[in-house]
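We name chains A, B, ... by the order of the sequence lines, and we start the count at 1 in each one.
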Number of protein chains: 2
Amino acid sequence: MGMGRPREFNAETALDQAMEVFWRHGYEGATIAQLTEAMGINPPSLYACFGNKEGLLKAALDRYTKLRGVWMDEVVAAPTARDVAERMLMGIAEKQTDPANPPGCLLVQGGIACGSGSENVPFELAARRAQNEDQLRDRFVRAKAEGDLKPTSDPAALARYVSAVSVGMGVMASSGSDREALRQVAVVAVQAVEAQSADRT
Amino acid sequence: MGMGRPREFNAETALDQAMEVFWRHGYEGATIAQLTEAMGINPPSLYACFGNKEGLLKAALDRYTKLRGVWMDEVVAAPTARDVAERMLMGIAEKQTDPANPPGCLLVQGGIACGSGSENVPFELAARRAQNEDQLRDRFVRAKAEGDLKPTSDPAALARYVSAVSVGMGVMASSGSDREALRQVAVVAVQAVEAQSADRT
DNA sequence: CCAGATATGTAGTGTTCACTACAGATGTGG
DNA sequence: CCACATCTGTAGTGAACACTACATATCTGG
């Protein structure tokens with residue numbers, strides 16, 4: 001039996017375009033018409049490949065978190081907890097205002113509140129953000145074990161904090177804050193992590 | 001000439017219900033059917049009173065910021081910049097997880113990204129958030145003048161920072177974080193403001 | 001009690017939405 | 001070159017959306 005007509009579009013390239021539409025308009029604000037036009041395909045191709053609108057979102061999120069994961073690995077590779085926070089938040093100030101992408105973060109812009117029928121979309125995004133937070137927490141646990149963070153510090157709370165600041169910066173970026181404003185926030189935010197760091201000998 | 005049939009519903013009570021629907025589902029996720037049912041009125045009454053869906057949102061935002069303004073006045077009445085930040089962020093941890101309201105903050109849940117035709121909704125919310133930030137900034141400017149904050153500190157940056165943390169906490173709350181998790185974030189966040197405070201004599 | 005004015009409830013309006021039926025096109029295995 | 005499988009484009013589908021026409025009800029001023 002034959003293997004059928006091969007697909008004429010590249011799934012990853014198409015996903016990049018879909019990602020941008022979701023990023024800019026949110027899950028509910030993005031229409032199939034906008035998505036198909038950006039992806040350069042027709043609705044039947046979209047549904048054959050991704051199932052439905054939510055399936056397309058998940059695929060776009062997978063791609064987003066995969067690309068972001070590479071960067072996060074560099075972030076947690078910083079030598080100290082303070083440097084991890086700085087590299088993370090300063091990097092976010094850059095990325096969230098990169099004119100090559102829509103402002104803000106897809107994991108926030110994608111949809112914080114949704115209508116009936118899409119209630120699980122916000123949870124889907126939250127689950128991806130939690131992955132980042134877990135990665136930070138693990139790194140801070142290590143920092144505490146290494147004596148980099150004070151014995152009284154709470155790595156999980158620190159990770160939650162850095163994650164919260166990241167999200168807040170994303171919302172600011174999407175509503176017009178420029179890169180310099182975000183950098184100022186990052187600089188202040190890092191000082192809280194510094195306050196939890198052991199004194200240098 | 002007569003003055004017409006009087007309205008049979010209370011506008012403020014109805015707005016409270018509409019507020020909750022926008023809060024829980026966002027602007028685009030909230031339907032007129034949900035809104036009218038929650039408000040206990042029919043569509044013609046809604047349109048006669050608020051113009052259209054966006055007009056209703058603005059009225060709900062007005063009411064939200066008015067109620068919130070009372071609390072913000074208490075926040076900035078705290079004696080020091082550090083206490084202002086603590087009162088603000090700890091209060092937010094309480095309010096965003098108050099079971100009497102939907103989780104999070106209407107100024108975030110209302111809509112961060114919107115589809116074509118509602119592009120100005122996110123800006124509308126951002127403008128209201130900016131009011132809070134301005135109030136914080138003014139308070140921190142005063143704190144600096146009073147010697148409460150270090151001469152090297154940047155009141156505008158500090159206000160932006162506290163505002164960003166607030167927003168981040170709101171997103172966390174809406175995606176399931178409990179009150180204790182938010183309190184932990186607040187405790188850490190306050191330390192950055194403390195780092196900008198002058199040493200006590 | 002009547003005229004004018006505004007509110008209300010019923011029952012729609014046109015539009016846009018996510019999604020798909022179907023026919024033709026393009027590939028593979030035998 | 002034929003049977004089969006999968007993709008593609010055209011052209012829709014029913015449902016849900018924001019919004020409203022209209023008849024009726026309830027008020028005030030005279």
Side-chain angles (χ1 to χ4, degrees), chain A residues 1-15 17-19 21-22 24-61 110-111 113-121 124, chain B residues 1-15 17-19 21-22 24-61 110-111 113-121 124:
Chain A
M1 28 180 165
M3 290 169 70
R5 177 175 175 176
R7 130 175 344 137
E8 293 183 0
F9 64 95
N10 178 282
E12 292 200 334
T13 305
L15 266 185
Q17 307 305 319
M19 213 171 71
V21 175
F22 281 131
R24 199 173 296 278
H25 298 292
Y27 176 74
E28 293 193 304
T31 68
I32 298 291
Q34 286 174 323
L35 289 164
T36 52
E37 182 179 351
M39 297 166 85
I41 62 178
N42 289 309
S45 299
L46 189 159
Y47 284 90
C49 191
F50 302 105
N52 55 18
K53 191 181 176 185
E54 195 168 331
L56 176 61
L57 174 72
K58 287 183 185 172
L61 291 178
C114 277
S116 308
S118 312
E119 293 94 346
N120 44 335
V121 166
E124 195 71 37
Chain B
M1 30 178 164
M3 289 170 69
R5 176 176 176 175
R7 128 173 349 132
E8 292 182 1
F9 64 95
N10 178 282
E12 292 199 335
T13 305
L15 266 185
Q17 306 306 318
M19 213 171 71
V21 175
F22 282 132
R24 199 174 294 280
H25 298 292
Y27 176 75
E28 293 193 303
T31 69
I32 298 291
Q34 285 175 324
L35 289 164
T36 52
E37 184 181 349
M39 299 166 84
I41 61 177
N42 289 309
S45 299
L46 190 158
Y47 285 91
C49 189
F50 303 104
N52 57 18
K53 190 181 176 184
E54 196 168 332
L56 176 61
L57 174 72
K58 287 182 184 171
L61 292 178
C114 277
S116 308
S118 312
E119 293 95 346
N120 44 335
V121 166
E124 195 70 36

Query raised in the report: Roughly how many Å is it from CG in A/Leu46 to C1' in D/dT8, rounded to a whole number?
Result: 13 Å
Query raised in the report: Between C/dA7, C/dC17, D/dT8, which one does the side chain of A/Pro44 approach most closely?
Result: D/dT8
Report summary line: So CG of B/Leu46 and CD1 of B/Ile41: to nearest 0.5 Å the spacing works out to 4.5 Å
Report task. Give a yes/no answer on whether the side chain of A/Tyr47 brings an N or O atom under 4.0 Å of OP1 or OP2 in C/dC19. Result -> yes
Query raised in the report: For the side chain of B/Arg7 and the base of C/dA7, is some donor closer than 3.5 Å to an acceptor across the two?
Result: no
Query raised in the report: Taking OP1 and OP2 of D/dC7, is either one under 4.0 Å from a side-chain nitrogen or oxygen of A/Ser45?
Result: no
Requested in this report: Find the distance A/Leu57:CG to C/dA18:P and express it as a whole number of Å.
Outcome: 13 Å
Report task. Nearest whole angstrom, please: distance from the C1' of D/dA18 to the CD of A/Glu28. Result -> 15 Å
Report task. Nearest whole angstrom, please: distance from the P of C/dT15 to the CD1 of A/Ile32. Result -> 22 Å
**Report entry** cation_pi(B/Arg7, B/Phe9) dist<6.0 Å, angle<=45
**Finding:** yes
Report summary line: Atom CG of A/Leu35 and atom P of C/dC17 are separated, to the nearest Å, by 11 Å
Query raised in the report: Given that B/Pro43 and B/Gly4 both sit by DNA chain C, which one's nearest nucleotide is further toward the 5' end?
Result: B/Gly4
Requested in this report: Just call it for B/Pro6: base, sugar-phosphate, or nothing, with non-hydrogen atoms closer than 4.0 Å on any strand.
Outcome: sugar-phosphate
Query raised in the report: Do A/Gln34 and B/Ser116 have side-chain N/O donor and acceptor atoms under 3.5 Å apart?
Result: yes
Query raised in the report: Just by modelled atom types, is the A/Glu12 backbone N or O under 3.5 Å from a matching donor or acceptor in the A/Asn10 side chain?
Result: yes
Query raised in the report: When you measure from the side chain of B/Ser118 to the backbone N and O of B/Val121, does any donor-acceptor pair fall under 3.5 Å?
Result: no
Requested in this report: Would you mind reading off the distance between B/Met39 atom CE and C/dT8 atom P, rounded to a whole angstrom?
Outcome: 11 Å
Report summary line: Among the nucleotides C/dA18, D/dT26, D/dT20, whichever has the atom closest to the side chain of A/Thr31 is C/dA18
Query raised in the report: Can you check the B/Asn42 CG to D/dC22 P distance for me, whole Å?
Result: 19 Å
Query raised in the report: Is any side-chain N or O of A/Arg5 under 3.5 Å from a base N or O of D/dC7, one able to act as donor and the other as acceptor?
Result: yes
Report summary line: Picking from C/dT20, D/dT28, D/dA18, the nucleotide nearest the side-chain atoms of B/Met3 would be D/dT28
**Report entry** Comparing B/Glu54 and B/Glu8 on DNA chain D - which has the more 5′ nearest nucleotide
**Finding:** B/Glu54
Requested in this report: Round to a whole Å and report the spacing from CD of A/Glu37 to C1' of D/dG9.
Outcome: 16 Å
Query raised in the report: Between C/dT8, C/dC19, D/dC17, which nucleotide has the shortest distance from any of its atoms to the side chain of B/Phe9?
Result: C/dT8
Report task. Tell me which nucleotide among D/dC17, D/dG9, D/dC19 gets nearest to the side chain of B/Lys53. Result -> D/dC19
